[in-house]
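So the structure is just underneath, and the comments pick up after that.
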There are 2 protein chains.
Amino acid sequence: MTTPKIPADTSADVRERARAIPEAAVARLAVYLRVLSGMAEQGVTTISSEELAGAAGVNSAKLRKDLSYVGSYGTRGVGYDVEVLVSHIERILGLTRKHSVAVVGIGNLGHALANYGGFPSRGFPVAALFDIDPDLTGVPVGGIPVHHIDDITSVCAEREVSIGVIATPPQAAQAVCDRLVSAGVQCILNFAPVVLQVPDYVEVRKVDLAVEMQILSFHVARRADQAAGDVVNGVGVDGVVIRP
Amino acid sequence: MTTPKIPADTSADVRERARAIPEAAVARLAVYLRVLSGMAEQGVTTISSEELAGAAGVNSAKLRKDLSYVGSYGTRGVGYDVEVLVSHIERILGLTRKHSVAVVGIGNLGHALANYGGFPSRGFPVAALFDIDPDLTGVPVGGIPVHHIDDITSVCAEREVSIGVIATPPQAAQAVCDRLVSAGVQCILNFAPVVLQVPDYVEVRKVDLAVEMQILSFHVARRADQAAGDVVNGVGVDGVVIRP
DNA sequence: ACGTGTGAAAATATTCACAGCC
DNA sequence: GGCTGTGAATATTTTCACACGT
């Protein structure tokens with residue numbers, strides 16, 4: 001009963017497939033999509049897994065596996081039709097829907113985001129801006145007037161915001177997040193250096209500059225340690241090793 | 001000779017360990033570090049894996065495994081000393097070194113980055129800014145004068161820049177990257193929506209807003225499809241399922 | 001021939017569960 | 001009693017390699 005035999009490939013077929021796509025593969029699909037769009041603009045109509053993989057910075061086996069999650073839309077012995085692949089990836093990524101975005105926190109970063117051309121052009125219109133500073137209320141940023149943060153609930157509901165972007169100082173982030181969630185926003189992109197606590201049904205992605213820098217720092221350190229170690233072990237390193 | 005028995009836990013001990021830490025664990029360590037720093041500021045001196053895990057948004061088994069990559073610095077039955085843990089994580093992440101940062105591309109995002117307080121305070125001083133626009137040359141942004149992009153090589157060498165941040169339009173990103181690399185920069189944080197091609201010894205991290213949005217979009221779509229599927233299968237869903 | 005699509009193998013990462021120590 | 005540290009078990013992701021369609 002809880003295991004009703006094999007569900008017999010119905011329309012829920014796409015859904016089943018979508019559920020199974022690993023998160024890492026989803027991220028890569030978005031990259032492939034961008035590369036493919038660029039190709040299409042340049043008039044390329046067909047591409048092989050090898051070429052696409054090279055342009056996307058992955059190996060071709062991984063690329064083919066990733067594409068297989070989307071479906072089998074290549075032609076053996078030939079490659080993939082760029083247009084076809086673009087439309088199937090867009091479908092899987094849900095880009096046939098429109099996803100209105102609200103940006104909360106109109107500081108330096110918020111300004112940059114509000115003015116960022118990459119969002120609207122790709123189906124993510126910035127539908128609303130919010131800030132706690134009353135002096136900003138009504139001021140247009142990137143052509144969109146800023147609302148006071150107290151209006152989040154009504155404005156988000158009215159404009160059907162599906163993605164909330166948090167660009168506030170860290171102290172404010174959790175409170176803003178709570179408000180977005182209670183306004184019905186289920187996807188959040190968080191730029192504040194804070195771990196947000198949210199209900200299970202809310203999806204959070206974070207962009208954490210400090211963390212990125214520290215990961216790079218780790219690699220610098222690892223490399224330095226390795227060079228030092230190699231020198232100690234006499235594994236032939238010419239001097240200070242700046243360019244192997 | 002190339003395998004000189006077990007290296008007998010010498011100073012290369014930290015190096016060995018560092019090499020083995022999975023990338024995902026490194027990213028989490030940076031998060032733990034921030035949480036721990038916050039704890040320390042609030043006067044917390046000791047913390048259990050359960051508490052720290054909760055604050056960092058992971059489960060405690062994973063946290064303990066991650067910390068075990070750093071070393072065994074906890075006390076059984078008690079927990080971890082916050083200060084001790086902070087200093088060990090900092091060491092592993094290479095934060096005892098100073099890492100000078102150069103930001104290339106002083107548009108909206110570049111401005112935001114130049115003014116971002118999170119970098120300097122965490123050991124990542126912004127040592128130089130670059131832009132291709134001659135009108136910007138010499139203009140101070142966030143207190144730092146902008147250099148022309150043609151001076152990348154000399155300025156980066158002089159100021160020992162170890163991390164380059166690319167905040168240019170996509171068309172310029174690869175060229176800027178090449179220049180940074182030839183200036184000896186081995187770590188790059190890329191905000192441009194382009195897959196950079198670099199030599200093996202260069203470490204690239206990317207922050208791609210469009211990709212983040214599309215991942216969120218995927219989850220919106222998956223959820224919608226799932227809800228639809230559940231309704232079809234009659235798996236008891238009350239209406240349109242906005243808040244389970 | 002050529003290049004996709006995919007099972008099976010290998011490599012990684014996560015979670016479990018409990019011995020060991022305070 | 002309580003909590004860490006870690007091998008062993010499990011799950012996930014990546015890579016291999018080759019059958020198959022065009």
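Values in this document were obtained by computation on a predicted structure and should not be read as measured data. The figures here come from the full heavy-atom set of this structure, side chains too, leaving out hydrogens, waters and symmetry mates. Letters A, B, ... mirror the listed sequences (proteins, then strands); counts begin at 1.
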Atom CD of A/Glu50 and atom C1' of D/dT15 are separated, to the nearest Å, by 14 Å
Partner residues of B/Glu23 under the salt bridge (Lys or Arg N to Asp or Glu O under 4.0 Å) criterion, sequence neighbours left out: B/Arg205
Side chain to side chain donor-acceptor pair (under 3.5 Å) partners for B/Thr45, two or more places apart: none
If you look only at pairs with a residue in residues 70-86 of chain A, which of them pass as a salt bridge (charged side-chain N to carboxylate O under 4.0 Å, His left out), with sequence neighbours excluded? none
Let me test you: for the helix from C/dA1-D/dT22 to C/dC22-D/dG1, what is the angle between the axes at its two ends (five pairs each), rounded to 10 degrees? 10°
Across all chains, not counting sequence neighbours, the ring pair (Phe, Tyr, Trp, His ring centres under 6.0 Å) partners of A/His219 are none
Does the distance from a Lys or Arg side-chain N to an Asp or Glu carboxylate O, for A/Arg223 and B/Glu203, drop under 4.0 Å? yes
Please report, to 0.1 Å, the donor-acceptor pairs under 3.5 Å made by any side chain of residues 47-56 of chain B, with sequence neighbours excluded.
residue, atom, partner, partner atom, Å
B/Ser48, OG, B/Glu50, N, 3.4
B/Ser48, OG, B/Glu51, N, 3.2
B/Ser48, OG, B/Glu51, OE1, 3.2
B/Ser49, OG, B/Arg64, NH1, 3.3
B/Glu51, OE1, B/Ser48, N, 2.9

Less than 4.0 angstrom between a side-chain N/O of A/Ser60 and OP1 or OP2 of C/dG3, yes or no? no
C/dT6 C1' sits how many Å from A/Leu63 CG, rounded? 14 Å
Applying side chain to side chain donor-acceptor pair (under 3.5 Å), name anything that partners A/Tyr80, two or more places apart in sequence or on another chain. none
Sequence neighbours excluded, the answer for side chain to side chain contact (heavy atoms under 4.5 Å, CB included) partners of B/Lys65 is B/Ser68, B/Tyr69
Where protein sits on nucleotides 15-22 of chain C, one letter per nucleotide: B base, S sugar-phosphate only, - none, heavy atoms under 4.0 Å: BBB-BBBS
Take the protein atom CG of A/Leu52 and the nucleotide atom P of C/dG3, then report the distance between them rounded to whole Å. 14 Å
Under the rule for ring pair (Phe, Tyr, Trp, His ring centres under 6.0 Å), what residues qualify as partners of B/Phe124, not counting sequence neighbours? B/His99
Name the atoms and distances for all side-chain donor-acceptor pairs under 3.5 Å in residues 165-175 of chain A, with sequence neighbours left out.
residue, atom, partner, partner atom, Å
A/Gln174, OE1, A/Gln197, N, 2.9
A/Gln174, NE2, A/Asp178, OD1, 2.8
A/Gln174, NE2, A/Gln197, O, 3.0

Of the listed nucleotides (C/dG5, D/dG5, C/dA13), which one gets closest to any side-chain atom of A/Tyr80? C/dG5
Proximity to DNA chain D (any heavy atom under 4.0 Å), residues of residues 40-49 of chain B only: B/Ser48, B/Ser49
